[in-house]
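Here's the structure, in structure tokens; my notes come after.
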Amino acid sequence: MFGRSLAIPTLSPRSAVVLGSGTILVAALDSAQRGFRFHAVNPLSGAILRRDTLVLGEERLRGGDRLSAYRHELCARPGGEEVAAYFFHAGRIDILDTNGTLIRQVDAPFAFRPIPEPNPLTRAPSFKNGSSHVRFAYLDCTGTQGHLWVLFSGRLVGTRAHPIPESPSAIHVFDWEGKLLRIFVLDHRAHSIAIDPIHNLLYSLAEGGEGAVRVTRIPGLAEAAE
């Protein structure tokens with residue numbers, strides 16, 4: 001199978017999600033390096049329908065370092081009315097409209113800004129997996145019509161001399177108004193999740209070992225999901 005490239009005038013696309021209308025919302029680097037530039041694109045014609053910029057409001061870090069610190073992915077509400085941007089190194093989730101315009105931030109239970117570890121040679125901030133003192137936040141999410149389910153790590157990387165034990169992952173459940181509704185703590189560490197609200201099941205891809213898929217029944221999942 002062969003695909004075709006969409007001619008999107010962006011600086012290095014960083015994330016994308018398909019909206020309910022079939023439109024693709026693409027986030028790329030903002031030329032001013034204040035945040036991310038969002039483009040709503042028609043996948044058939046490649047035409048850009050709408051665009052907006054998400055300004056991060058992070059003054060501790062400079063341009064490229066700021067964008068690296070706020071590495072993210074997108075998760076759409078079924079029907080495509082809203083999109084969540086969740087961040088790997090910040091305890092922060094932004095709810096956006098289909099233009100990429102910020103509507104609100106969720107009530108994150110463990111809010112924190114990225115904690116970079118300066119490179120010993122260049123002193124530039126580093127967020128590599130092996131860097132000491134880096135904390136991980138949200139790793140994956142899935143949306144239902146009523147709610148947003150986001151996988152939270154919270155892992156803080158220690159040093160070789162002083163490693164920090166890893167704790168189980170958690171699921172933070174929000175409504176699309178940004179209100180925190182529930183926190184489910186898993187009995188394992190996971191890096192990906194999927195929800196089956198009909199059968200009250202949470203599927204998670206466990207870290208380590210053979211990457212087994214774990215199935216967890218959560219009481220009240222149907223009520224929380226829809």
Side-chain angles (χ1 to χ4, degrees), residues 12 14-15 27 29-30 33-36 54-75 83-96 102 104-143 148-174 178-193 202 204-209 211 214 216:
S12 181
R14 293 303 174 95
S15 61
L29 299 184
D30 172 33
Q33 296 187 329
R34 299 169 302 161
F36 296 98
L54 174 64
V55 177
L56 294 170
E58 171 63 85
E59 302 303 327
R60 298 175 306 149
L61 304 171
R62 296 178 298 176
D65 295 335
R66 180 187 302 127
L67 301 180
S68 175
Y70 283 87
R71 187 164 63 94
H72 70 282
E73 288 292 346
L74 303 174
C75 178
V83 173
Y86 59 96
F87 297 87
F88 292 107
H89 297 297
R92 166 178 169 177
I93 301 172
D94 294 348
I95 306 295
L96 316 172
L102 177 66
R104 66 185 69 88
Q105 291 186 349
V106 307
D107 181 21
F110 188 22
F112 64 92
R113 296 193 296 176
I115 307 170
E117 171 72 2
N119 183 294
L121 298 178
T122 65
R123 307 306 298 170
S126 173
F127 288 90
K128 294 181 179 180
N129 287 349
S131 299
S132 303
H133 309 301
V134 169
R135 186 179 292 280
F136 289 85
Y138 294 105
L139 305 183
D140 194 19
C141 88
T142 186
L148 178 66
W149 301 73
V150 197
L151 176 65
F152 182 76
S153 168
R155 176 192 174 198
L156 179 63
V157 181
T159 64
R160 291 185 178 181
H162 302 283
I164 298 176
E166 297 184 7
S167 58
S169 301
I171 309 294
H172 295 174
V173 185
F174 306 90
K179 179 182 178 181
L180 177 68
L181 301 177
R182 301 187 187 185
I183 296 178
F184 297 112
V185 179
L186 304 178
D187 62 358
H188 59 280
R189 295 197 62 80
H191 58 83
S192 185
I193 59 170
L202 166 74
S204 55
L205 190 59
E207 291 185 355
R214 303 285 293 272
T216 305

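Computed from a predicted model, the values in this text were never measured in an experiment. Residue indices begin at 1 and follow the sequence shown.
- Defined by atom type and a distance below 3.5 Å, a donor-acceptor pair is missing between the side-chain atoms of Arg71 and Ser15.
- In this structure, the side chains of Arg135 and Phe110 come closer than 4.5 Å at one or more pairs of heavy atoms.
- For Phe87 and Tyr138, the ring centers are positioned 6.0 Å apart or more.
- Pro114 and Ala90 make their closest contact through CD-CB, 3.9 Å (heavy atoms, listed as atom of the first residue, atom of the second, distance).
- Looking only at side-chain heavy atoms (C-beta outward), Tyr86 and Leu151 stay at 4.5 Å or farther from each other.
- We find the OG1-CG distance between Thr216 and Asp187 to be 6.0 Å, quoted to the nearest 0.5 Å.
- Centroid-to-centroid, the aromatic rings of His89 and Phe112 stay 6.0 Å apart or farther.
- In this structure, Leu148 and Val173 have side chains that are not in contact, with every pair of non-hydrogen atoms separated by 4.5 Å or more.
- Residues Leu139 and Ser192 fail the side-chain proximity criterion, which asks for heavy atoms closer than 4.5 Å.
- Atoms CZ and CG, from Phe36 and Leu96 in turn, are 11.5 Å apart once rounded to the nearest 0.5 Å.
- Ile183 has its side chain out of reach of Ile171: every pair of non-hydrogen atoms, C-beta onward, lies at least 4.5 Å apart.
- Counting only heavy atoms from C-beta outward, the side chains of Arg113 and Leu56 never approach each other to under 4.5 Å.
- The two residues Arg182 and Leu180 have their closest heavy-atom pair at O-CD1, 3.7 Å.
- The CZ atom of Arg189 sits 5.5 Å away from atom OG of Ser167, with the distance rounded to the nearest 0.5 Å.
- Leu54 contributes atom CG, which lies 5.5 Å from atom CG of Asp94 (distance to the nearest 0.5 angstrom).
- When all heavy atoms of Leu181 and Phe174 are compared, the closest pair comes out as CD1-C, 4.1 Å.
- Taking CD of Glu207 as the reference point, atom CG of Leu205 lies at 9.0 Å (rounded to 0.5 Å).
- Ring geometry, Phe184 versus Trp149: the interplanar angle falls under 30°, so the pair is classed parallel (tilted spans 30 to 60°).
- If you take CD1 on Ile93 and NE2 on His172, they are separated by 8.0 Å, rounding to the nearest 0.5 Å.
- Residues Phe152 and Phe136 form no side-chain contact, since every pair of their non-hydrogen atoms from C-beta on lies 4.5 Å or further apart.
- Of all heavy-atom pairs spanning Ala27 and His72, the tightest one is CB-NE2, 3.7 Å.
- Between the side chains of His188 and Ser169, not a single donor N or O lies within less than 3.5 Å of an accepting N or O.
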With side chain to side chain contact (heavy atoms under 4.5 Å, CB included) as the criterion, how do Leu202 and Ile193 come out once you've worked through the C-alpha distance, each side chain's angles and the decisive distance to 0.1 Å? CA-CA 7 Å; Leu202 166 74; Ile193 59 170; 4.1 Å; yes
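- Side-chain N or O atoms of Ser153 include one that pairs as donor or acceptor with a backbone N or O of Arg155 at under 3.5 Å.
- The nearest pair of heavy atoms linking Gly143 to Cys75 is N-SG, 3.6 Å.
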